[in-house]
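These notes concern the structure reproduced below.
No hydrogens, no waters, no symmetry mates; every other heavy atom, side chains included, goes into these values.
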Amino acid sequence: MHFHKRLKVIALTFLGLSFTFLPSSFGQGFSDASSEAGITLVHNTTGINDHKMGTGAAWLDYNKDGYLDLYVTMRIGANKLFKNNGPNPMTGIYAFTDVAVDLGVDDTSGDGGGISIADINNDGWDDIFLANCDENILYLNNGPDLSGDFSFTDATSDAFPNGSAGGNSRSPSASWGDYDKDGYLDLYIAQHYPVLGSSGGTNQDFLYHNEGPNASGVFTFTDVSDYLEIDSLMGYGFIGGWSDYDKDGDLDIFLINDCPIANGKKTKVWRNDGTNGSNPWNFTEVSASIGIDDCRNGMGIGVGDYNRDGWMDIFYTNIGECVLYSNDTDGTFSDMSEDTGIDIQPAQHFSWGAAFMDYDNDGWQDIMVSIGALSLNPNPAFPFNLQPNMFFKNNGDSTFTNIAGTLGLADDRQSRSGIYGDYDNDGDLDIYVTNYEDNCVLNKNNLNNGNHWLKIHLVGTQGNQDGLGSKIKLTTFDGTVQHYETRSGSNLGGGDSPYAHFGLDTNTIITEIEVTWLSGEVQTINNPSVDQLLEVTEPLLSLPVELVNFTARQENEKVNLQWTTASENNNDYFIIQSSSDGEVFSDLDEIQGRGTTSFNTEYQTYDLKPLYGDNYYRLKQVDFDGKFTFSEIRLVNFEGKKTTINVFPNPTKTGKVNLNFFNSNRNTTIEIRDLLGRLVFQNKVESIGNQLIEIPTSHWTNGIFIIRVSNAAMDKNIKVLIDN
């Protein structure tokens with residue numbers, strides 16, 4: 001069981017008044033907080049003269065302290081993992097410390113590219129995958145050691161075929177999704193082109209299937225790229241994003257290609273068709289039939305529901321005009337770029353990362369776009385150095401307005417990716433922007449406009465631990481319905497907040513949250529409080545065993561434990577657990593299940609050595625795939641087991657002392673020490689019951705000695721005077 005810290009922000013109301021502000025009412029919406037946060041960082045590329053790509057960043061909470069940490073890749077030198085130290089108790093300012101070297105995730109010799117965060121082994125801790133410009137790396141989070149310190153292990157060679165992930169080429173991004181819903185996250189790696197000057201590289205993308213733990217407990221991956229047809233994976237890919245666009249319950253793949261330089265390989269959409277047919281798994285390339293078969297310089301992808309109709313829409317970046325495809329709710333898409341007003345980028349401008357986010361908590365998803373020249377010394381065909389980022393505010397009527405300048409987000413350097421996350425836990429989304437060959441910037445959101453919000457942290461049990469691929473539907477008191485789909489690895493080479501974020505406008509009442517997990521489980525939460533981080537855990541699947549009863553009763557000097565099942569389906573075994581306080585349980589016995597039965601089956605076992613007093617018992621029913629559930633707890637107050645001791649004679653003049661035990665059935669330790677604490681006698685007696693023990697004392701020095709008798713039911717000291 002892993003501890004997840006739950007945070008809550010309290011909204012204050014003064015004199016019953018409410019205030020609504022526009023960005024122009026109080027200056028810029030965002031301010032540069034890099035310096036005060038201690039994460040001033042210049043992306044160094046000295047000596048690198050190839051294509052200007054490779055600035056990844058991602059938010060994560062690697063130590064689960066409730067504060068978002070930040071990982072940033074570097075093409076030269078050590079990568080950075082900035083640990084969020086939380087608010088300064090005096091100033092309230094949030095500051096970070098680089099712990100990448102300490103934790104073993106600095107990858108100093110690697111040529112950094114993209115990054116993707118996910119819990120790939122379902123142990124509850126964020127793992128890190130580096131999509132590099134050379135060899136990709138998988139870092140597994142080891143969690144805390146006995147001292148509470150964290151570390152990571154490079155598991156690449158053990159996890160992937162032939163010890164490497166991908167094809168030793170420039171990997172702009174990687175993304176995680178469970179395409180077969182087996183509970184383990186699978187991996188798509190996009191590869192743009194072979195690294196200049198290297199050998200053996202390829203521009204083929206890769207799809208890896210997570211096989212789960214092997215016999216040694218190591219999680220391994222299998223290359224299943226041929227499920228998508230190898231020729232279709234040779235398109236100079238920038239990112240493969242996961243989304244259930246057709247709402248059939250499984251994850252599909254959107255591949256954004258750099259088409260003009262990739263022999264005309266257009267955007268690809270692989271519809272997940274499951275196990276129908278003769279292949280182990282079936283994907284069908286449907287981009288042309290659904291209306292997304294562009295040949296553009298595609299780079300980054302954003303997935304979100306901009307018009308709040310419950311269907312995921314697709315935004316992707318380009319050299320020149322960006323593209324917004326609206327989901328028509330029938331399995332097809334329409335290009336709404338012109339109608340929505342997002343097609344205003346000059347033809348010579350390079351746009352890279354993109355994300356849907358609600359920056360002002362008004363309940364409408366806006367669009368952030370990272371833009372930057374390919375080089376500060378472009379050739380005459382690309383004479384534009386200054387290319388400011390854009391931020392499209394959703395006007396709530398299916399149109400957008402670029403307000404980057406008003407918000408203070410029109411950074412005109414070589415931006416590559418912008419990732420959103422609430423690093424200071426004030427309820428609004430902040431943005432970290434990576435700038436190639438320049439200062440990266442932490443943009444703090446200052447829009448304290450009074451709007452309410454909710455962050456949701458999903459914890460999977462039947463499916464992957466992160467709950468990736470789940471759909472969240474949120475309804476507020478005024479009837480507004482919003483939709484969110486959880487994912488890892490969208491944007492470009494980065495990772496946005498791991499939490500689903502909902503702006504609630506002025507609503508203070510959420511009537512219902514409906515979570516449709518990737519497993520198919522539908523969970524409803526009614527009337528949660530606003531302005532908090534809400535953790536939602538997927539309900540455990542009911543095990544295929546019907547328990548009729550479970551009883552525990554005293555039987556002479558034992559406790560008789562019995563239970564009956566009406567039916568079982570592949571149930572592996574039962575574990576009897578006991579406790580002295582009803583809270584901390586330990587395993588007492590294990591009983592094998594009877595397999596698949598449809599009739600009443602009776603089981604019985606005993607606790608041969610119950611404690612004197614309260615004994616709590618429960619039945620742990622463990623299924624063949626490791627899932628389990630508990631029975632109700634039974635209490636037995638065991639009487640007649642108290643250990644009593646009589647020491648005689650006392651004082652003793654006979655050269656021996658006698659210990660007479662009554663009604664003890666516990667392993668017992670006897671120690672005798674003099675008044676200086678020196679041990680003169682020790683013995684361990686197993687389950688002694690009623691028994692007389694004689695201890696010779698003729699060789700002892702006369703004086704007072706302390707006899708200590710201890711077992712699970714007692715710890716007693718008795719003075720005895722030896723006077724031989």
Side-chain angles (χ1 to χ4, degrees), residues 42-57 72-76 111-114 131-134 169-173 190-198 201 203 235-239 256-265 267 294-302 315-323 343-355 368-390 404 409-419 433-441 491-494:
V42 176
H43 186 260
N44 180 21
T45 61
T46 303
I48 295 179
N49 298 311
D50 63 358
H51 286 21
K52 307 296 185 179
M53 294 185 288
T55 46
V72 185
T73 65
M74 300 289 288
R75 295 204 62 184
I76 295 177
D111 186 349
N132 281 337
C133 302
D134 42 31
S169 292
R170 180 178 304 284
S171 301
S173 60
Q191 299 204 145
H192 190 265
Y193 64 85
V195 177
L196 299 181
S198 67
N203 61 311
Y236 283 58
F238 263 101
I239 185 167
I256 306 303
N257 278 330
D258 199 353
C259 176
I261 68 169
N263 300 316
K265 293 192 182 299
T267 299
D294 288 345
C295 183
R296 309 193 196 206
N297 296 105
M299 297 184 189
I301 187 174
F315 178 95
Y316 77 89
T317 57
N318 180 34
I319 299 177
E321 299 172 351
C322 296
V323 187
D343 62 338
I344 61 174
Q345 187 177 340
Q348 298 86 358
H349 281 196
F350 290 70
S351 57
W352 303 84
M368 169 179 55
V369 185
S370 300
I371 302 174
L374 189 61
S375 173
L376 292 182
N377 298 294
N379 63 46
F382 301 101
F384 296 91
N385 279 336
L386 302 180
Q387 301 184 9
N389 294 335
M390 292 184 176
L409 294 175
D411 193 327
D412 58 9
R413 289 169 286 191
Q414 296 181 90
S415 297
R416 294 294 183 262
S417 187
I419 58 169
V433 175
T434 60
N435 289 319
Y436 196 87
E437 298 180 313
D438 214 323
N439 290 290
C440 301
V441 181
N491 206 309
L492 174 63

**OP:** Verify side chain to side chain contact (heavy atoms under 4.5 Å, CB included) between Phe238 and Thr317, making sure each step is shown before the conclusion.
**Re:** CA-CA 10 Å; Phe238 263 101; Thr317 57; over 6 Å; no
Subject >> Thr267/Asn257 under side chain to side chain contact (heavy atoms under 4.5 Å, CB included): CA gap, chis, key distance, verdict >> reply: CA-CA 5 Å; Thr267 299; Asn257 278 330; 5.7 Å; no
Subject >> Audit row: Asn435, Ser415, side chain to side chain donor-acceptor pair (under 3.5 Å) steps and yes/no >> reply: CA-CA 4 Å; Asn435 289 319; Ser415 297; 2.5 Å; yes
**OP:** Mind running side chain to side chain contact (heavy atoms under 4.5 Å, CB included) on Asn389 and Met368 for me, showing each step along the way?
**Re:** CA-CA 8 Å; Asn389 294 335; Met368 169 179 55; over 6 Å; no
**OP:** Could you check Phe315 against Val369 for side chain to side chain contact (heavy atoms under 4.5 Å, CB included), going step by step and ending with a plain yes or no?
**Re:** CA-CA 10 Å; Phe315 178 95; Val369 185; 3.7 Å; yes
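Shortest non-hydrogen contact noted between Leu492 and Ser417 is O-OG, 3.1 Å. Residues Cys133 and Arg75 share a closest heavy-atom pair of SG-NE, 4.1 Å. A pairwise comparison of heavy atoms in Ala373 and Arg416 identifies O-NH2, 3.0 Å as the closest pair. In terms of heavy atoms, Thr45 sits closest to Ile76 at C-CD1, 3.5 Å. Taking every heavy atom of both residues into account, Pro388 and His349 meet most closely at CD-CE1, 4.2 Å. Closest non-hydrogen pair, Ile256 versus Met299, comes out as CG2-N, 3.4 Å.
Scanning for side-chain hydrogen bond (donor to acceptor under 3.5 Å, both in side chains) contacts around Gln345 gives Ser351, with sequence neighbours left out. Partners of His192 according to the side-chain hydrogen bond (donor to acceptor under 3.5 Å, both in side chains) rule, which considers only residues two or more places apart in sequence or in another chain, are Asp258.
Of the possible donor and acceptor atoms, none in the side chain of Gln414 sits under 3.5 Å from a partner among the backbone N and O of Glu437. At distances below 3.5 Å, not a single donor-acceptor pair connects side-chain atoms of Asn132 with backbone N or O atoms of Asp134. Here the side chain of Thr73 pairs a donor or acceptor atom with the backbone of Gly56 at under 3.5 angstrom. In this structure, the side chain of Asn318 engages the main chain of Asn297 through a donor-acceptor pair within 3.5 Å. At distances below 3.5 Å, not a single donor-acceptor pair connects side-chain atoms of Ser173 with backbone N or O atoms of Gly114. Side-chain atoms of Ser370 never come within 3.5 Å of backbone atoms of Trp352 as a donor-acceptor pair (strictly under, hydrogens ignored).
Summarising the geometry, atom CZ belonging to Arg413 is positioned 16.0 Å from atom OH belonging to Tyr436; distances are rounded to the nearest 0.5 Å.
Between Met74 and His43, some side-chain heavy-atom pair lies under the 4.5 Å cut-off. Cys259 is not listed as a side-chain neighbour of Arg296, based on a closest heavy-atom distance of 4.5 Å or more.
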